Amino acid sequence: MGGTRRLMRMVLGMVIVAVGCVASFAQGMGKAVGEFEGSGDVGTVLHVGSVEFDAAKGTYTVAGSGENVWGATDAFQFAWKKVSRDVTVSADISFLGAGKNEHRKALLMVRQSLDADAVYVDVALHGNGLTSLQFRDEKGGATHEVQTIVNAPRRVKIEKSGAYFTMWVAGEDGRFQLAGASPRIELTEPFYVGIGLCSHEKDVVEKAGFSKVEIKGADRHQFTADSQDGKKAAQPGMAVPPGLKLYSMMEIMNADSGDRRAIYVADGRFEAPNWMPDGKRLLFNRNGKIETLAVTGGATQTIDTGFAMRCNNDHGISPDGKTLVVSDQSQNAEHKSQVYVLPITGGAPQLVTKNAPSYWHGWSPDGKTLAFVGERSGEFDIYAISPAGGDEKRLTTAPGLDDGPEYSPDGKYIYFNSERTGHMQIWRMKADGSEQEQVTFGEGNDWFPHFSADGERMVFITFDASVKGHPENKDVELRMMTMKDKKIRVVAKLFGGQGTMNVPSWSPDGKEFAFVSYALVGEK
């Protein structure tokens, strides 16, 4: 019996080792295949995956199981090579067979290590055609994504340039278009690049074919913008370094799930979305003009703003949805901003603020008062005025910049950002300017508070403590405060700043908000 028990323990040990190998096979050498140095399963899977290479056709067939590539840990089949340079990975991808789960994922991935909880960025083509840029920016942290509205692209590409990653998609013509970008994510060289597959079902093995796989070096385009203190240029845009092109991406975030989708991407700079009252379109500024865009993407339309052809990123919509307010710099001799109103459908602007510069930011819920920022005698303060014009009322007097006023949905308070404590934080006051009190107390510089329609959530943008003003081209965070408990969480990290979210941008139902992220990439 003793020998039998020893034999059983030996067999059991071999089984445990074998199961462990399924969970950590990729940590070993793995199987070299095609141009990849190794392949194997990352994370815990129940069924060993595989990668086959057809040299004659130049195609890879990847089979893999695994519950997901998401959350804090991953489980998938991965074919990889180590790289110590900036890189692009591109491929045509097609799923083989009907598949069980529409969320199975075929991947182009850049990964710090083969640990299941490693930092990574990938382009994930789902079984239902959804395509997204997924990323985990810290080991063991949560996964986030930016979805493209392009469904089931024929060809996809991920590009690493310095610490920035971009997603590119192409249709039948094979021409790539930028479809999304990640925040700054630092990887230590060497790291892993490759192709992968996750079935999204732990008991199922799925297959996908990868053809025309290209792994190429990329030029490094690290860029750090110098701090800019200037207030809202009419046609912003610091000089883009030679060899780089600036892209703007209109994004919408679900406030509950944190899911992001890029609905419109264009080269050049556009800024500051407002959500139209019907919930179907966004309004934004570009090159001094005001444009609108459907929340589902598509072509943009320009609103006729008459002589106001130098509109900056401080614009908005009246509570009844009938009137557009703009801050324009076309009329006075020094091209200083003044506030105007006009019909939302377009028309002749009517001057509201006689003094300049003035920058609109908030409209009271009853429609009777505008809140704006004005520089008077070298000080930026918050003012209130009737939409019909007349005398302005000064609401703040503290030394230092006060900016970004927005009414709470109940009209009782004006929230704003102020640097009166030494760095920029969110404050609030009664609508008449009384009882001014600090709301945020972080180490970063907080700007532009915006409220959901029910008043339960406030989103704002945070710059690093070292950043002065609210310049373009910075790594920033979007943060959300739940007003009931005053808890703050980071909901997005992105490359942006000036133009990202200067004005009210929540959807009418309070479920989503819009913002603009940016990318500087090598000219193609």
Side-chain angles (χ1 to χ4, degrees), residues 34-36 54 57-62 69 79 83 86-96 99 102-110 120-135 145-161 164-182 193-198 207-219 221 243-251 260-268 293-294 296-300 495 517-524:
E35 67 174 306
F36 297 106
D54 186 326
K57 297 180 179 179
T59 60
Y60 296 85
T61 301
V62 183
V69 177
V83 171
D86 280 358
V87 66
T88 67
V89 184
S90 57
D92 290 2
I93 302 175
S94 59
F95 288 96
L96 306 179
E102 66 176 6
H103 293 294
R104 61 195 185 279
K105 300 175 182 178
L107 312 163
L108 304 182
M109 180 176 283
V110 180
Y120 79 90
V121 187
D122 70 29
V123 173
L125 173 64
H126 296 64
N128 62 1
L130 171 68
T131 306
S132 61
L133 184 77
Q134 302 181 157
F135 48 91
E145 71 174 352
V146 179
Q147 301 172 358
T148 173
I149 61 171
V150 179
N151 192 62
R154 178 170 180 175
R155 188 167 178 81
V156 295
K157 177 173 71 172
I158 184 170
E159 178 172 320
K160 176 188 181 296
S161 179
Y164 298 101
F165 297 79
T166 48
M167 167 177 59
W168 302 77
V169 298
E172 294 300 320
D173 61 5
R175 297 178 61 182
F176 279 114
Q177 58 180 322
L178 180 65
S182 77
V193 301
I195 59 177
L197 183 69
C198 168
K207 290 185 177 182
F210 294 75
S211 60
K212 299 180 182 178
V213 176
E214 294 183 349
I215 301 177
K216 301 189 298 184
D219 294 331
H221 298 299
L244 292 181
K245 179 180 285 190
L246 174 72
Y247 287 85
S248 302
M249 290 162 282
M250 185 72 74
E251 296 195 42
R260 294 163 55 180
R261 62 187 188 276
I263 64 168
Y264 179 63
V265 180
D267 60 354
L293 167 74
T296 54
T300 65
F495 188 67
S517 62
Y518 300 91
L520 284 166
V521 300
E523 294 196 62
K524 307 300 178 184

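In this chain, numbering begins with 1 at the start of the sequence shown. Heavy-atom basis, side chains included; hydrogens, waters and symmetry copies ignored. These figures come from a predicted structure and were not determined experimentally.
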Nearest heavy-atom neighbours spanning [X] and [Y]:
{"X": "Pro153", "Y": "Gly129", "answer": "CD-O, 4.3 Å"}
{"X": "Leu178", "Y": "Ala519", "answer": "CD2-CB, 4.4 Å"}
{"X": "Gly522", "Y": "Leu244", "answer": "N-CD2, 3.9 Å"}
{"X": "Ala170", "Y": "Phe176", "answer": "CB-CD2, 3.8 Å"}
{"X": "Phe95", "Y": "Leu125", "answer": "CZ-O, 3.2 Å"}
{"X": "Val213", "Y": "Ala91", "answer": "CG2-CB, 3.9 Å"}

_Among Lys105, Met167, His126, side chain to side chain contact (heavy atoms under 4.5 Å, CB included) partner for Thr131_ = Met167

_For Ile215, run the side chain to side chain contact (heavy atoms under 4.5 Å, CB included) check against Leu108, Ile195, Val193 and tell me which one passes._
Val193

_Would you say Glu251 and Ser517 are linked by a side-chain donor-acceptor pair, where the criterion is simply a distance under 3.5 Å?_
yes

_Gln147-Ser132 side chain donor-acceptor pair, cut-off 3.5 Å_ = no

*Please check if the side chain of Ser248 supplies one atom and the backbone of Leu246 the other of a donor-acceptor pair under 3.5 Å.*
no

*Backbone of Lys212 reached by a side-chain donor or acceptor of Arg155 within 3.5 Å*: yes

Distance from [X] atom [atom1] to [Y] atom [atom2], nearest 0.5 Å?
{"X": "Thr148", "Y": "Trp168", "atom1": "OG1", "atom2": "CH2", "answer": "12.0 Å"}
{"X": "Phe165", "Y": "Asp86", "atom1": "CZ", "atom2": "CG", "answer": "8.0 Å"}
{"X": "Thr88", "Y": "Ile158", "atom1": "OG1", "atom2": "CD1", "answer": "10.0 Å"}
{"X": "Leu130", "Y": "Ile149", "atom1": "CG", "atom2": "CD1", "answer": "12.0 Å"}
{"X": "Thr166", "Y": "Lys157", "atom1": "OG1", "atom2": "NZ", "answer": "7.5 Å"}
{"X": "Gln177", "Y": "Asp267", "atom1": "CD", "atom2": "CG", "answer": "11.5 Å"}

Using a 4.5 Å cut-off on heavy atoms from C-beta on, say whether the side chain of [Y] contacts that of [X].
{"X": "Tyr60", "Y": "Leu197", "answer": "no"}
{"X": "Val123", "Y": "Leu107", "answer": "no"}
{"X": "Val87", "Y": "Lys216", "answer": "no"}
{"X": "Phe135", "Y": "Val146", "answer": "yes"}

*May I ask you to check whether Tyr518 and Tyr247 place their ring centres under 6.0 Å from each other?*
no

*asked:* Walk me through whether Val69 and Met109 qualify under side chain to side chain contact (heavy atoms under 4.5 Å, CB included).
replied: CA-CA 11 Å; Val69 177; Met109 180 176 283; 4.1 Å; yes

*asked:* The test is side chain to side chain contact (heavy atoms under 4.5 Å, CB included); show your working for Asp54 and Thr61 and say whether it passes.
replied: CA-CA 8 Å; Asp54 186 326; Thr61 301; over 6 Å; no

*side chain to side chain contact (heavy atoms under 4.5 Å, CB included) between Phe210 and Val62: does it pass, once the steps are laid out?*
CA-CA 8 Å; Phe210 294 75; Val62 183; 3.7 Å; yes

*Would you check, one step at a time, whether the test side chain to side chain contact (heavy atoms under 4.5 Å, CB included) holds for Gln134 with Tyr120?*
CA-CA 8 Å; Gln134 302 181 157; Tyr120 79 90; 3.5 Å; yes

